[in-house]
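Chain A is the first sequence line, chain B the second, and so forth, proteins listed ahead of strands; every chain is numbered from 1.
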2 protein chains.
Amino acid sequence: MSNRPTIADIAKRVGVSPGAVSFALNGRPGVSEQTRARILEVARDMNWRPHRAARALGGAQAGVVGLVLARDPRTLGSEQFYTQILYGMQDVLSARSSAVQMQLVRDTAAEIDLYRLWASEHRVDGVVLVDLQLDDPRIEVVRSLGLPAVTLGQPGEPGLLPSVWADDAEAMTTIVDYLAALDHRRIAHVAGPPIYQHVARRAAALHEQALVRGLRAGESVGTDFSDAQGAAATRALLSRADRPTAIVYDSDLMAAAGLAVALEMGIEVPRALSVVSFDDSVLTRIVHPALTCLSRDTYALGAQVASALLQAIADPSSREAIQTETPRLVVRGSTARPL
Amino acid sequence: MSNRPTIADIAKRVGVSPGAVSFALNGRPGVSEQTRARILEVARDMNWRPHRAARALGGAQAGVVGLVLARDPRTLGSEQFYTQILYGMQDVLSARSSAVQMQLVRDTAAEIDLYRLWASEHRVDGVVLVDLQLDDPRIEVVRSLGLPAVTLGQPGEPGLLPSVWADDAEAMTTIVDYLAALDHRRIAHVAGPPIYQHVARRAAALHEQALVRGLRAGESVGTDFSDAQGAAATRALLSRADRPTAIVYDSDLMAAAGLAVALEMGIEVPRALSVVSFDDSVLTRIVHPALTCLSRDTYALGAQVASALLQAIADPSSREAIQTETPRLVVRGSTARPL
DNA sequence: GTGGGGTACTAAAACGCTATAGAAGAGGTA
DNA sequence: TACCTCTTCTATAGCGTTTTAGTACCCCAC
């Protein structure tokens with residue numbers, strides 16, 4: 001069953017030493033073109049494949065990068081974004097015959113434990129840090145472990161780790177400008193947990209641009225990103241006397257939940273309430289009305305992350321911050337001029 | 001940086017041979033309890049962790065199992081189910097210090113290539129086959145590769161591979177009985193691609209039970225599982241003169257898309273049309289009205305799959321078919337007695 | 001006090017590959 | 001002929017672990 005051919009088998013058959021076969025198979029000098037061709041032919045004939053463990057033992061790379069998502073198992077649901085990221089990463093990595101190992105854990109502490117384990121077992125060559133927090137503890141951990149890493153979403157200024165990011169403050173500004181142009185005066189924001197950097201950035205951008213446009217300073221309500229809290233926050237906002245005429249949601253899941261609440265309360269969307277989602281996925285298109293949202297090419301983003309990570313693995317001192325396309329506003333049926 | 005301790009380091013410090021350290025760390029006889037305790041203490045002190053590649057080289061397991069999803073990158077969206085499966089699997093596997101490698105590929109051919117690659121590189125110890133097809137080509141491939149595998153969703157009769165399955169024919173029967181009791185006479189089925197075993201089983205069960213209950217024999221419409229085709233199929237069904245009063249969807253994504261179509265056509269749900277989803281996820285709860293659906297503990301299912309796979313790895317001749325809980329019908333707002 | 005049988009350990013090989021030092025031979029130059 | 005260089009290859013060590021065969025020692029029985 002497991003009599004797969006080794007380099008020694010090939011060497012015996014061709015009549016050269018294992019070292020020569022290794023040279024030939026890895027395309028490095030040390031064998032004549034003639035011998036190389038013979039070796040490659042025999043290798044193909046015997047269906048030889050490198051044994052990764054043997055290579056890794058010699059200090060080579062594991063051929064795996066890690067992506068850890070810290071999620072409460074009960075609030076799964078917003079991971080569509082990461083499925084696409086994963087897809088984009090895999091397409092880049094598989095060209096280098098690497099793979100992504102995605103793991104779901106309960107919280108940041110478990111995530112950090114996993115990085116320690118992975119580093120000590122040489123399981124992965126590098127990791128992607130997502131959902132960055134203010135003063136994120138993971139950054140120091142991966143640095144001290146010597147584990148190459150790239151952050152997804154940490155903006156501009158050269159930080160401690162290389163990063164791939166998009167300007168979501170600018171994106172939020174676009175939303176506010178769009179709503180202001182429609183004559184919305186009261187804009188609310190159903191946000192994620194304030195510990196996340198991107199949540200804080202968006203809230204700040206909303207607030208700031210509301211001031212610029214002379215609107216009622218937009219208020220952000222924190223949630224845990226779950227549909228339940230998104231619904232609850234919406235209900236609270238819409239129950240006020242001076243309720244907002246537009247709500248921006250940090251995720252499409254919460255936006256859809258909020259939309260359902262509005263309908264249930266008899267508040268017509270978009271006539272009495274405009275809804276904007278900061279996130280795009282199939283979800284925004286299947287609810288009715290379809291949601292106006294920010295959209296971007298998540299697959300391409302994943303590909304860029306993978307490239308940056310390969311770069312970080314090759315050159316551990318790299319700290320480059322790669323800015324990607326700013327999410328574009330896609331207008332659908334959920335936004336309109338208020339009554 | 002990479003000066004992680006090896007067994008030899010521990011041996012030197014304790015003053016024994018590497019072999020003795022290996023015995024001690026793996027809990028096998030050959031060392032006195034006293035020495036064992038000393039070795040374990042030093043190992044903990046030095047923060048030793050096994051080097052997986054070195055172990056794998058000796059023929060041990062890779063500590064990774066594979067889960068491949070064949071999906072067109074554009075029709076991503078129904079993978080919530082698998083995210084939960086993944087979570088359940090990981091919790092079982094991490095107790096055995098194993099992990100899951102999930103990979104998305106374009107089609108079954110690419111999936112098979114991946115199995116060949118994984119087997120030849122010793123990358124995974126086993127794989128889970130999902131989305132089984134009629135006369136599925138993957139089964140013969142993994143068998144010929146000697147790659148331990150478990151199928152998810154292949155029913156009962158001892159097949160060529162061990163399996164974990166649920167009785168979805170029974171579940172469909174429950175749905176038909178429920179709708180018949182509400183006096184629905186015309187039930188349609190927006191199904192997935194007919195090449196899938198579970199799709200065929202459900203369609204057959206619907207047809208059969210419709211006959212039993214004396215209803216108009218329920219018709220199944222095939223789709224590619226995308227929201228677009230789910231919407232199109234719904235539109236076609238609802239445009240007929242004798243349109244159905246209830247539609248059963250094979251996925252929650254299509255059910256939600258179908259719901260939106262009905263609303264858009266001015267067909268009230270549930271008064272003029274009842275909607276049932278064969279799948280549960282957060283999606284069924286955030287649309288309005290919330291969807292009546294079949295629900296099951298997907299996390300637990302993933303855990304069972306992982307256990308079965310570990311079993312299959314330990315005993316490659318195993319062919320056990322483990323039946324899991326039949327999905328339960330959860331009634332929500334999208335179903336009612338027809339007008 | 002010799003042999004038998006256990007226990008506690010060591011030495012060395014093996015897993016499959018890569019890397020490095022060096023050997024053998026060809027060819028050129030002085 | 002002696003010396004050097006270049007190419008092409010071989011031999012060998014090494015990566016970290018497990019496993020096997022073997023050794024040293026002790027205890028006990030005869």
Partners passing side chain to side chain contact (heavy atoms under 4.5 Å, CB included) against Ile313(A) (at least two apart in sequence or in another chain): Gln61(A), Val65(A), Asp125(A), Pro148(A), Leu309(A)
Give me the residues of residues 39-56 of chain A where at least one heavy atom lies under 4.0 Å from an atom of DNA chain D, by number, or none. none
Please work out if Ser22(A) contacts a base, only the sugar-phosphate, or nothing of the nucleic acid, heavy-atom cut-off 4.0 Å. base
One would report the end-axis bend of the helix from dG1(C)-dC30(D) to dA30(C)-dT1(D), five pairs per end and rounded to 10 degrees, as 70°
Starting at CD of Gln34(B) and ending at P of dT7(C), how long is that distance when rounded to a whole Å? 17 Å
Rounded to whole angstroms, how far apart are NE2 on His122(B) and C1' on dC17(C)? 14 Å
Whole-Å distance, Asn26(B) CG to dT19(D) P, equals 7 Å
Sequence neighbours excluded, every pair satisfying ring pair (Phe, Tyr, Trp, His ring centres under 6.0 Å) that has a member inside residues 127-149 of chain A: none
Using the test salt bridge (charged side-chain N to carboxylate O under 4.0 Å, His left out), find all partners of Asp45(B) that sit at least two apart in sequence or belong to another chain. Arg13(B)
What pairs with Arg138(A) under salt bridge (charged side-chain N to carboxylate O under 4.0 Å, His left out), at least two apart in sequence or on another chain? Glu111(A), Asp136(A)
Residue list, side chain to side chain contact (heavy atoms under 4.5 Å, CB included) with Thr324(B), at least two apart or on another chain: Val164(B), Ala166(B), Leu301(B), Gln304(B)
How close or far is atom P of dG16(D) from atom CD1 of Ile7(B), stated in whole angstroms? 11 Å
Quick note, salt bridge (charged side-chain N to carboxylate O under 4.0 Å, His left out) partners involving residues 89-102 of chain B, not counting sequence neighbours, are Arg106(A)-Asp91(B)
Partners of Glu320(A) by salt bridge (charged side-chain N to carboxylate O under 4.0 Å, His left out), sequence neighbours excluded? none
5' to 3', nucleotides 5-11 of chain D under a 4.0 Å protein heavy-atom cut-off (B base, S sugar-phosphate only, - none) gives ---SBB-
Rounded to the nearest Å, what distance is computed from the CZ atom of residue Arg4(B) to the P atom of nucleotide dC15(D)? 13 Å
Quick note, ring pair (Phe, Tyr, Trp, His ring centres under 6.0 Å) partners involving residues 27-67 of chain B, not counting sequence neighbours, are His122(A)-His51(B)
Between C1' of dA19(C) and CG of Leu25(A), the distance in whole Å: 15 Å
What is the distance from atom CD of Glu140(A) to atom CZ of Arg143(A), rounded to the nearest 0.5 Å? 5.5 Å
Backbone of Gln197(A) reached by a side-chain donor or acceptor of Gln154(A) within 3.5 Å: no
Specify the separation, in whole Å, of atom CG of Leu57(B) and atom P of dC15(C). 9 Å
Residues that Tyr196(B) engages under ring-ring contact (aromatic ring centres under 6.0 Å, His included), provided they are two or more places apart: His198(B)
Looking at dT18(D), I'd like to know if its phosphate oxygens (OP1 or OP2) sit under 4.0 Å from a side-chain N or O belonging to Arg28(B). no
